Number of protein chains: 2
Amino acid sequence: MLNNVGPLKEETRERVLQAAAAVGYVPNALAQQFARRKSGNIGVILPFMPKVRLFSTYYFSEILSGIGETAKRCGYDLLLIFREQDGARDYANLFRTQKIDACVVLGSQDVPEERAALAELKAGDYPFCLVNQRYDEAAYATVDADHVSGSMEAVRHLLEQGCRSIAFINGPLQYSNSTDRLEGYKKALGKADIRYDQELVYVGNYSRKSGYELAERLALHIKSGSVDAIFAANDRMAIGLMQGLRESGLEAGKQYAMVGYDDSDGSSIISPQLTTVAVPFYEMGKLAAARLLDHTHTSEDEDTADSLLPVQLVIRETSIYE
Amino acid sequence: MLNNVGPLKEETRERVLQAAAAVGYVPNALAQQFARRKSGNIGVILPFMPKVRLFSTYYFSEILSGIGETAKRCGYDLLLIFREQDGARDYANLFRTQKIDACVVLGSQDVPEERAALAELKAGDYPFCLVNQRYDEAAYATVDADHVSGSMEAVRHLLEQGCRSIAFINGPLQYSNSTDRLEGYKKALGKADIRYDQELVYVGNYSRKSGYELAERLALHIKSGSVDAIFAANDRMAIGLMQGLRESGLEAGKQYAMVGYDDSDGSSIISPQLTTVAVPFYEMGKLAAARLLDHTHTSEDEDTADSLLPVQLVIRETSIYE
DNA sequence: CTGAAAGCGCTAACAA
DNA sequence: TTGTTAGCGCTTTCAG
């Protein structure tokens with residue numbers, strides 16, 4: 001009755017509204033949700049982050065804010081779901097219990113349990129959207145950034161600086177993120193007619209420490225001339241690596257060139273400032289939520305399509321030889 | 001019935017449970033919440049953060065994770081409330097509509113509207129807990145860190161390095177955080193029989209930019225010898241300031257000493273590495289939620305008491321003269 | 001100790 | 001168009 005169902009006399013409506021205000025009436029959200037069979041919540045599934053944070057907190061808070069913005073706009077609340085370590089990924093149950101009406105999954109990985117959990121969501125026809133992870137065969141709604149192009153740009157830039165032996169520090173391959181970057185790396189090399197050399201590819205875990213630990217090996221290669229530039233799959237690894245390399249007397253922008261990825265806060269804090277690839281995390285969060293909640297202009301076929309947002313190379317100091 | 005109310009035969013219980021599993025029954029959370037008149041949600045009120053983020057995202061994600069941990073332990077879900085800019089701070093309504101059972105307020109400020117909103121919560125006897133902000137007269141449940149001691153330590157350390165004219169870059173005074181730091185600054189000075197000089201106190205807004213913008217003025221003072229050290233109320237301002245000072249040819253650890261606050265990621269990324277004060281954000285989040293949810297060992301008088309967690313000075317390079 | 005039944009406060013379908 | 005009423009799926013109370 002207090003909802004505007006069906007047109008009713010202006011006067012009546014107003015009187016009711018006034019009366020309600022006078023008595024201090026507020027609708028009970030619990031009862032509403034129950035009667036409507038809708039929680040009004042959009043769930044955000046967060047990856048388990050132990051001491052070593054998989055995602056820079058920059059990434060995390062930007063995406064969350066983006067989701068928050070659309071959620072608010074659409075009258076939804078945001079329910080945070082912290083995934084546990086051992087990872088009982090029973091996403092579907094969140095829907096069965098009606099805790100959430102839709103959800104966006106952050107930091108999902110390409111591992112069997114995750115595939116199963118997502119397939120179950122799909123099978124149950126529960127609305128969900130992935131951010132920053134794609135599964136090639138499966139057509140899930142996804143919002144991602146164009147990391148293939150981003151990596152190509154990064155490597156092309158390095159090539160333009162005259163670098164010829166570009167090492168690539170990637171993250172774990174269960175993230176499509178990582179495979180995308182590898183693809184971009186290869187493509188850029190191919191275009192420049194440079195042979196892809198597996199020996200030049202290293203893999204860390206996106207943490208600063210993992211970058212740091214690679215320094216010793218890389219230092220040798222740089223000094224021997226077998227590496228003249230490094231492309232790191234994220235800023236944290238790039239920064240750790242630069243720190244380690246410095247301990248060997250090697251400076252980015254001098255003995256080697258470096259490009260990172262993410263354009264996180266750290267990249268402009270350090271010196272020399274890190275050349276990196278900016279990713280529109282906030283926009284990605286906004287878009288992911290909109291795909292779920294914004295039923296105003298959802299052409300059906302858009303539902304399972306990828307949204308690939310553009311990234312941008314930000315040239316600073318580490319990739320420019322003095 | 002499916003809840004374990006009253007002892008019942010083991011056998012019966014088991015049979016029921018099995019039957020339930022067989023049919024694939026899952027309790028409807030909405031109905032439960034409605035019947036119990038409890039949403040099972042703990043709200044987290046987040047400050048509005050425009051482009052210039054008031055809180056380092058480090059702060060943000062740490063506290064949130066802490067809250068998440070206890071929430072999960074106590075079987076609660078976490079509902080995120082993004083405060084709007086103009087700030088309709090109708091916290092009490094979240095309780096009236098039953099969206100949340102309790103809430104923790106982050107980044108609350110000492111301004112009239114906020115005081116009113118909190119007073120209303122208190123009046124309605126709704127359980128809430130502040131993090132990182134105290135109101136002197138009002139006895140609200142609060143979890144904070146001991147910033148008075150932290151600042152004293154920081155300044156004392158600077159004094160021990162032989163510094164005598166210590167500038168202080170503070171944040172806005174509507175945060176008890178800021179006034180605490182000022183108090184610590186003054187106290188440390190007093191103990192060393194150094195006169196408190198208002199001229200040495202600057203105020204930024206906790207952003208890197210605001211630190212950077214202070215550089216020009218500080219550079220003059222450092223060069224003239226009227227300032228030999230700087231204590232900044234957070235790392236971001238310290239880092240911005242160091243960047244600005246560098247442009248004037250001034251290096252921390254050489255021409256001046258610098259101490260920051262927070263021990264954020266940035267502090268160990270930059271070089272020279274920043275001496276700073278570590279704050280247990282994660283623990284604070286955990287504790288705040290526990291105060292609200294953990295009714296196992298809540299002595300009544302504890303409900304409105306402050307919890308002041310210890311902080312720790314982390315000495316790195318910027319405060320040590322070479 | 002177990003089973004039946006009365007709500008919880010709203011929405012939605014339906015009758016007037 | 002408006003008012004009425006039957007649920008929504010659980011909890012809880014109260015007889016049995």
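Keep in mind that what you see is a predicted model, and the values were worked out from it rather than measured. Numbered from 1 within each chain, the chains take letters A, B, ... in sequence-line order. All values below come from the heavy atoms of this structure, side chains included, with hydrogens, waters and symmetry mates left out.
- For Y25(A), whose side chain is taken as the heavy atoms from C-beta onward, the closest listed nucleotide among dC10(D), dC10(C), dC8(D) is dC10(C).
- Every side-chain contact (heavy atoms from CB on, under 4.5 Å) that P27(A) has, sequence neighbours left out, goes to Y25(A), Q32(A).
- Side-chain N/O atoms of Q32(B) include one lying less than 4.0 angstrom from OP1 or OP2 on dT11(D).
- Remark: ring of F34(B) overlaps the six-membered base ring of dC8(C) in a stacked fashion, centroids less than 5.5 Å apart, planes less than 30° apart.
- Counting to the nearest Å, the P atom of dG9(D) and the NZ atom of K38(B) are 23 Å from each other.
- The side chain of A35(A) sits closest to dC10(C) out of dT11(D), dC8(C), dC10(C).
- Atom pair R36(A):CZ and dA12(C):P shows a separation of 7 Å (rounding to whole Å applied).
- When the P atom of dA6(C) is taken as reference, atom CZ of R37(B) falls 17 Å away, rounded to whole Å.
- Applying the side chain to side chain donor-acceptor pair (under 3.5 Å) criterion to S178(B), with sequence neighbours excluded, gives Y206(B).
- Atom-to-atom, CG of L30(A) to P of dC10(D) comes out at 14 Å; the value is rounded to the nearest Å.
- A search for ring-ring contact (aromatic ring centres under 6.0 Å, His included) contacts involving F34(A) returns F34(B), not counting sequence neighbours.
- When the side chain to side chain donor-acceptor pair (under 3.5 Å) test is applied to R37(A), no partner is found at least two apart in sequence or on another chain.
- Partners of Y126(B) under the ring-ring contact (aromatic ring centres under 6.0 Å, His included) rule, at least two apart in sequence or in another chain, are F95(B).
- The one candidate from Y175(A), Y135(A), Y91(A) that meets the side-chain hydrogen bond (donor to acceptor under 3.5 Å, both in side chains) condition with S108(A) is Y135(A).
- Direction change of the helix axis from one end of the helix from dC1(C)-dG16(D) to dA16(C)-dT1(D) to the other is 50°, with five pairs defining each end axis (rounded to 10°).
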